[in-house]
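I have placed the structure first, in the form of structure tokens, so that the comments after it can refer back to it.
Residue numbers begin at 1 in each chain, while the letters A, B, ... track the order of the sequences.
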Protein chains: 2
Amino acid sequence: MKVTIQDIAKAANVAKSTVSKVLNDSPKISKETKTRVREIMEQMNYTPSSIATRLAKRSSHNIGMLIDMARESEYMNPFFLNIISGIESVIGPMKYELTIANMQQDDPERNVINRLVRSGRIDGLIANNAIMSEDMVKTLNSLDFPFVTIGEFHSFPVPWADYDNAEGGRMLTGHLLDEGYRDIAFIGGEPLERIFTKRHQGYRQALLEAGIPYREDRTIHGVADENHGYQAVLELLRSDHPPDSLVCMNNYSAFGALKAIQQAGIAIPGEIGIATFDDYPFSPHTNPPLTSLFIDTFQLGATAGRMLIEVMNQPDLPYPSLLLQPKLNIRESTLKRKAGLE
Amino acid sequence: MKVTIQDIAKAANVAKSTVSKVLNDSPKISKETKTRVREIMEQMNYTPSSIATRLAKRSSHNIGMLIDMARESEYMNPFFLNIISGIESVIGPMKYELTIANMQQDDPERNVINRLVRSGRIDGLIANNAIMSEDMVKTLNSLDFPFVTIGEFHSFPVPWADYDNAEGGRMLTGHLLDEGYRDIAFIGGEPLERIFTKRHQGYRQALLEAGIPYREDRTIHGVADENHGYQAVLELLRSDHPPDSLVCMNNYSAFGALKAIQQAGIAIPGEIGIATFDDYPFSPHTNPPLTSLFIDTFQLGATAGRMLIEVMNQPDLPYPSLLLQPKLNIRESTLKRKAGLE
DNA sequence: TAGGTTAGGGAAACCGGTTTCACAACAAAA
DNA sequence: TTTTGTTGTGAAACCGGTTTCCCTAACCTA
């Protein structure tokens, strides 16, 4: 039924090793033979079995992307396709494929590693730093298996690509300061969450540079969803001197904050300013439009892809890592407070 | 280096065929041998090569998802991870993997088919109906290759899963009518676009049922992005009697419309109501919050996955297809016009 | 013209599994 | 006791390619 290399060999009256060499454009085959064999392939509509090729070549030509779908759904949804597209844009032209795998929270890591890595399904792995445990890193390293994390990884030297979250925190906070805000709260993020610590660090840095003392009670920890943003603002508003502005961990938490502030009848940006990380495609459309920190997630994916290829080709390279710079999109939600102060 | 089935066979002092049978839990192997061999596998940390297995079993155990990343990026971004998760939720437990492949616009279809299908990389395909040309369907059918499209497919009998777009159009329009709106415009969508025709058909149906004549000039065709929504509203407002409400093809076009209306100083929903397809996660957060038609994209993915498995197992089944029902999320942007009329 | 290169292609082993079939050993039936 | 059946295992072919190594013919060089 399906036409194989044997059929081609028979039809062309050559050995199948010769056909294989034609497929790989070996210099040991004459021009004439090549064109003849190729014509026959064309005629017989032959496509080599990639499975067989991979077995023989001992390479799956497949890149794995590992995510925790249930958990990341909220957070990555708006960007996921961009990241994937970015990865594909670099690995696709190199004839690699992309396999998306789900890692459930209850999945013992060994399981994932076995299923994907040791079984030879993939040649390299890209994963969010959130699901990359240290154990997993150790196991991957012990197998000499190439991988890159999306998101900075501090506890270990591994190759990673990320946006500069600390700088982002500085930019957002600095922008609010520039606009005349002085009492800036930080909403969302768990204390031990990696991405939170970086962002928060930039926030503190900007305050420090502006000579404004950091206040513990101005950071409202939590999962950074809409509900938390909402509750956080309610909590802040209960105090005698609520902050005059907010930096939110992401758009959802900013939405919650927005809602709470509006319900309280407080003017944005008149009385309170809001800036947020992660410029989701809809943040220009809120009321008022949200000043937010844009991250080119396509670039992030592409960078991770490039790094992975690099690591795969030169396994002995020192761990590369790359910080991309975010971009501040200034919108109405942080319009000058100065005006009101004067 | 890597431990193979041979190594296990040698260590267990059995033939490799026996090891293979243990792997597949063949009833022909005795309990004792099974446990003994399994212990050795455990000890030697053996994981079978999935590539070899696939070659021998003539099945890749891999499902392909084909999309045009560049083109779909805008439209599918907010849902993509959900769809993927849905697919994974059904194929994952059946030990299938998911390969995401990009189909560029300039890619001749034969290329994709060869690369993915004839090379044996995937056992089944899921694709958006937008990129499934009739030629592609024909080729896939001629290869007896199982596939499912996400999105209704009319020109051909193929298995597909979709939301009921016509019913959605009816629901949105019907809702506006219920609220007292009478002159409803439809914004966005190209005349030949499949998804548009269905949605528009529901819109017309609702008008018909309400005894309101359909007006050609109330449909503003276009690509359904923010800019088009914006321009469309400008155009509508130029007329002497602008419509009193809008149904938008998607959230982006609704955003554009929103912006144009607000800039013109027209009240929503006081003077004009807006309802839109596709309840993006941020439509509750616009100003005013957008009434929109929710589509459970996880379910859509899961349904497509289930159908594909079904088609793969029983190729001779008549083409199944499934319409899921959308859900109307009523928000402020369509509050009763009746009030204003009385 | 002998000896050494080089170019082109074939045979066979191999990648790591699966599957078919033969067969030995033992049990049950006649 | 012979026949028939059953159970458990192994040998070898196979999946569809790649790679190594060898061979032959033609071409060079002295």
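More than 12 heavy-atom neighbours from other residues, nucleotides or ligands sit within 6.0 angstrom of CE on Met44(B).
Of the listed nucleotides (dT19(C), dG17(C), dG9(C)), dT19(C) has the atom at the smallest distance from the side chain of Lys57(B). Of all nucleotides listed (dG17(D), dG17(C), dT18(C)), dG17(D) comes nearest to the side chain of Pro48(A). Side-chain proximity of Ala56(A) to the nucleotides dG17(D), dG17(C), dT18(C) is greatest for dG17(D).
Here the closest non-hydrogen pair linking Ser50(A) and Arg121(B) is OG-CG, 3.1 Å. The minimum heavy-atom distance between Lys57(A) and Asn24(A), with the atom names listed, is NZ-OD1, 3.0 Å.
Residue Ser50(A) is out of contact with every strand shown, counting any heavy-atom pair closer than 4.0 Å.
Near DNA chain C, meaning a heavy atom under 4.0 Å away, the residues from residues 9-25 of chain A are Asn13(A), Val14(A), Ala15(A), Ser17(A), Thr18(A), Lys21(A).
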Got a list of protein N/O to nucleotides 25-28 of chain C N/O distances below 3.5 Å?
none

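At whole-Å resolution of the value, CZ in Arg54(B) and P in dG17(D) are 17 Å apart. One can place CG of Leu55(A) at 12 Å from C1' of dC14(D), the figure rounded to the nearest angstrom. Between the CZ atom of Arg121(A) and the C1' atom of dG17(C) there is a distance of 14 Å, given to the nearest Å. Spacing between atom NZ of Lys2(A) and atom P of dC15(D) amounts to 13 Å, rounded to whole angstrom units. Here dG10(C) presents its P atom at 12 Å from CD1 of Ile5(A), a figure rounded to the nearest Å. In this structure, NZ of Lys31(A) is placed 10 Å from P of dG8(C), rounded to the nearest angstrom. Residue Lys28(B) contributes atom NZ, which lies 15 Å from atom P of dG5(D) at whole-angstrom precision. Computed from coordinates, the Arg58(B) CZ to dC15(D) C1' distance equals 5 Å when rounded to whole Å.
With hydrogens and angles ignored, the 3.5 Å screen pairs no side-chain donor or acceptor of Arg194(B) with any backbone N or O of Phe153(B). A donor-acceptor contact shorter than 3.5 Å links the side chain of Thr53(B) to the backbone of Ser49(B).
A close approach under 4.0 Å does occur between a side-chain nitrogen or oxygen of Ser30(A) and OP1 or OP2 of dG9(C). A sub-4.0 Å separation between OP1 or OP2 of dG16(C) and a side-chain N or O of Thr53(B) is absent.
Of the charged side-chain nitrogens involved, at least one lies within less than 4.0 Å of a carboxylate oxygen, so that Arg38(B) and Asp25(B) count as a salt-bridged pair. Under a 4.0 Å N-O distance rule, the pair Glu97(A)/Arg54(A) qualifies as a salt bridge.
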Worked verdict on Lys198(B) versus Glu152(B) for salt bridge (charged side-chain N to carboxylate O under 4.0 Å, His left out) = CA-CA 9 Å; Lys198(B) 279 291 170 192; Glu152(B) 192 166 352; 3.5 Å; yes

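Applying the salt bridge (charged side-chain N to carboxylate O under 4.0 Å, His left out) rule to Glu88(B) yields no partners; only residues at least two apart in sequence or on another chain are considered.
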